[in-house]
Amino acid sequence: MITLTSDFGTPYPAAMKGVVLQRTASEPRLVDIGHDFPRQDVRAAAFWLREVLPYYPPATHLVVVDPGVGTDRNALVVRAGDHVLVGPDNGVLRPPARRLAPEGEIEAYVVDETVLESPDPASGAATVPTADAGPVGPASNTFHGRDVFAPAAADVHGLEPDALETVEFLSPTDEWVDLEFPEPTVSVDRATGEVLVVDDFGNVITNVPGSFLEGRDRIAADDEIVPVGDTFAAVGVGERLATVGSHGYVELDVNQGRGDEAFGLAVGDRVVLEGLES
Amino acid sequence: MITLTSDFGTPYPAAMKGVVLQRTASEPRLVDIGHDFPRQDVRAAAFWLREVLPYYPPATHLVVVDPGVGTDRNALVVRAGDHVLVGPDNGVLRPPARRLAPEGEIEAYVVDETVLESPDPASGAATVPTADAGPVGPASNTFHGRDVFAPAAADVHGLEPDALETVEFLSPTDEWVDLEFPEPTVSVDRATGEVLVVDDFGNVITNVPGSFLEGRDRIAADDEIVPVGDTFAAVGVGERLATVGSHGYVELDVNQGRGDEAFGLAVGDRVVLEGLES
Amino acid sequence: MITLTSDFGTPYPAAMKGVVLQRTASEPRLVDIGHDFPRQDVRAAAFWLREVLPYYPPATHLVVVDPGVGTDRNALVVRAGDHVLVGPDNGVLRPPARRLAPEGEIEAYVVDETVLESPDPASGAATVPTADAGPVGPASNTFHGRDVFAPAAADVHGLEPDALETVEFLSPTDEWVDLEFPEPTVSVDRATGEVLVVDDFGNVITNVPGSFLEGRDRIAADDEIVPVGDTFAAVGVGERLATVGSHGYVELDVNQGRGDEAFGLAVGDRVVLEGLES
């Protein structure tokens, strides 16, 4: 199984799938995690991958949110327990790797693009790039999803996780970019956190643990009083609430509406939550 | 085969797919009906499922348009002939069930969430919720698509339809929410109906049967005269027409444009159609 | 394998998939190329299919961008080497066919809709349309994706390419619509071209070959001076550049932004590029 994640929209993911299908004899299942993640937003993709991938059986996860495409940032293959992640070395692979496996079962490899066979732009078939290919050579500078990451994912798919060290185009590395989500400051009655992501519904997902809401009927969020609800429907349609979201964090939401608009909050905004007496 | 329908956008459907794939040994085919249905619009989802699912071979259909998530509304598994529908008890399952099978072959079951194994939020693997799990327990209150409906669909998938009565977490019920679409009033030369849905092209799909247009060259729609066309291209680009849509109803459309904007009509609007002399 | 391409959005592609799955015993893999291509834009779809399909192994490609649906334009099945394309005769199939195979391996067939079995609107199962079906007959006039192209694709899928001539509902034709992309005028220091497409990132893809940028540090695009970059990140975030895109053409882009907005360019616009001294 190969999952695919990108910020590509249409139709670039289909080119990646073609490359994978043309290179793999094993007919892998392909599953889209999503291709309309916020553009060039490494942190958002890392968050969602961390939350979604643990629900998958062991798989190869192809991840391309890559503002540095074509620069000298590395392409990585990362083993995390029984899972394998393939993507750029910009931090996006760390949070899901940490959630998928303990530190001792995580190993990173750099892809040597001069050894990996890139697809031929004319026929789409795998080909060895030649040194004199010039600026329109087999591997583009702007679409490594198709020309580097998809070939790498196809070529490592189906290998036993501990066979990665034998792959010709992979070299182990200890130095790869980390990405950590900001930590909130939480005391008994006050939490200062940050908006991690806003989902497609407009729900504002903070980094404050849901336990902050335990035993409370209402809180103040940036000085505005909102009820705490177990469910969206605990308040009327169009009304605001604080709830424990499906990721275990405090969310600021609107029942059947957009929390981001109602609270005036966006990704990265600081948010102060205060517990109120009942 | 398991089809998936929701109003989730990205990436929540991918979490549901992971849960299904992790729980099913049978490697089911997954097919998306769509995940950008109008938010919390039970009627629109019911309409599209009724129109689309009959084109499928027997399958399990996972449906999550669920404004009442986390409340005491039931989770249902419904057998409709050779098909099985899984989703919330808010009416969304009735219209497709009625289209898929005669009344005598439709049976509904309530899901007992205390018996169904929910996925573990840490590993994603199936787990039995414990009584003392607290507010951040295995089953969230805001994402039953992942924590209740996907597990239920995975667990009933592949069963013979008449084996549902033996499933431990299912109890038969005769009381589940109905949803009926409004009926138009149609006489020889006049039909008073309602806009059922607007599709992604902006085509306005009414509940007036297409037969109302038979033998007519033009009609008045809310007092505006429009030609009747067999095809969009029967009128010039950007011009309005009435036609029999692919669902058999009268549609108010614009050739290569948006009928909803040209006619000023939205879902739920009343519309009066009058037959005109040629 | 059957790929699917349309401008349908949601949920019409799911109806096509149901028809295909109900008609094929061979359980084909279904892969979406995309369903949110620009509406009724035959040229854009032709461009993307030409660029993406060569990355696929031999497959049946179902293509429905069809502003003339229901008119007397033909439905086609086209063999292009080991690939088969199914779609309307409006030019959309020519550019991908030419890229997939040499002229001598391209053969077109007209679909006889009176012989092809269309799906029954009630059950979705295949049925023979009757002569007296009237305006709400089995084959709609507005959704040939479901009623003509999907059945045709399902029925030819899995045949050896040279067996198409034996299919009862196909007749060979030499007359089918061509579509050629405009050619640029290129001299040593000046190229006059056209915007072929704008991708989802807002990158402006011209028809000027990337070789025009070779050895240049900067060019003038419609009199505005922009640097030439090997990668998006060659310029600062939000800054403009000219680069060789992944299709081999000159693109006018913005690093992590929208080139179409920054350059004020849209599909079909004429663009003049001039080489500047370093």
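Throughout, protein chains are lettered first and strands after them, A, B, ... in sequence-line order, and every chain is numbered starting at 1. Every heavy atom of this structure was used, including side-chain atoms; hydrogens, water molecules and symmetry mates were not.
- B:Tyr12 and A:Phe201 have tilted rings, their planes meeting at an angle from 30° to 60° on a 0 to 90° scale.
- Neither the backbone nor the side chain of A:Asp253 comes within contact range of chain B; no heavy atom of the residue lies under 4.5 Å from a heavy atom of that chain.
- Side-chain contact between A:Phe232 and B:Thr142 is present, with heavy atoms from C-beta onward closer than 4.5 Å.
- To the nearest 0.5 Å, atom CG of residue A:Asn203 and atom CZ of residue B:Phe143 are 11.5 Å apart.
- B:Asn141 places no side-chain N or O within 3.5 Å of a backbone atom of A:Thr231 that could act as its donor or acceptor partner.
- Of the residues considered (A:Val52, A:Thr3, A:Leu100, A:Asn255), A:Val52 shows the highest number of contacts with chain B, using heavy-atom pairs under 4.5 Å.
- Minimum heavy-atom separation, A:Ile33 to B:Pro11: O-CB, 3.8 Å.
- Shown here for A:Tyr56 and B:Ala14, the closest heavy-atom pair between the two residues is OH-O, 2.5 Å.
- Counting non-hydrogen atoms of other residues, nucleotides and ligands closer than 6.0 Å to CZ of B:Arg270 gives a total of 12 or fewer.
- When each of B:Leu21, B:Asp7, B:Val69, B:Val19 is checked for heavy-atom pairs under 4.5 Å with chain A, B:Leu21 comes out on top.
- Around CG of B:Asp72, the count of heavy atoms belonging to other residues, nucleotides or ligands within 6.0 Å does not exceed 12.
- Across A:Tyr55 and B:Ala15, no two heavy atoms sit closer than the pair CB-O, 4.1 Å.
- Between A:Ala233 and B:Thr71, the shortest heavy-atom contact is CB-CG2, 3.4 Å.
- Looking at every heavy atom in both residues, A:Val31 comes nearest to B:Lys17 through CG1-CD, 3.9 Å.
- Nearest heavy atoms, A:Pro57 versus B:Gly18: CD-O, 4.1 Å.
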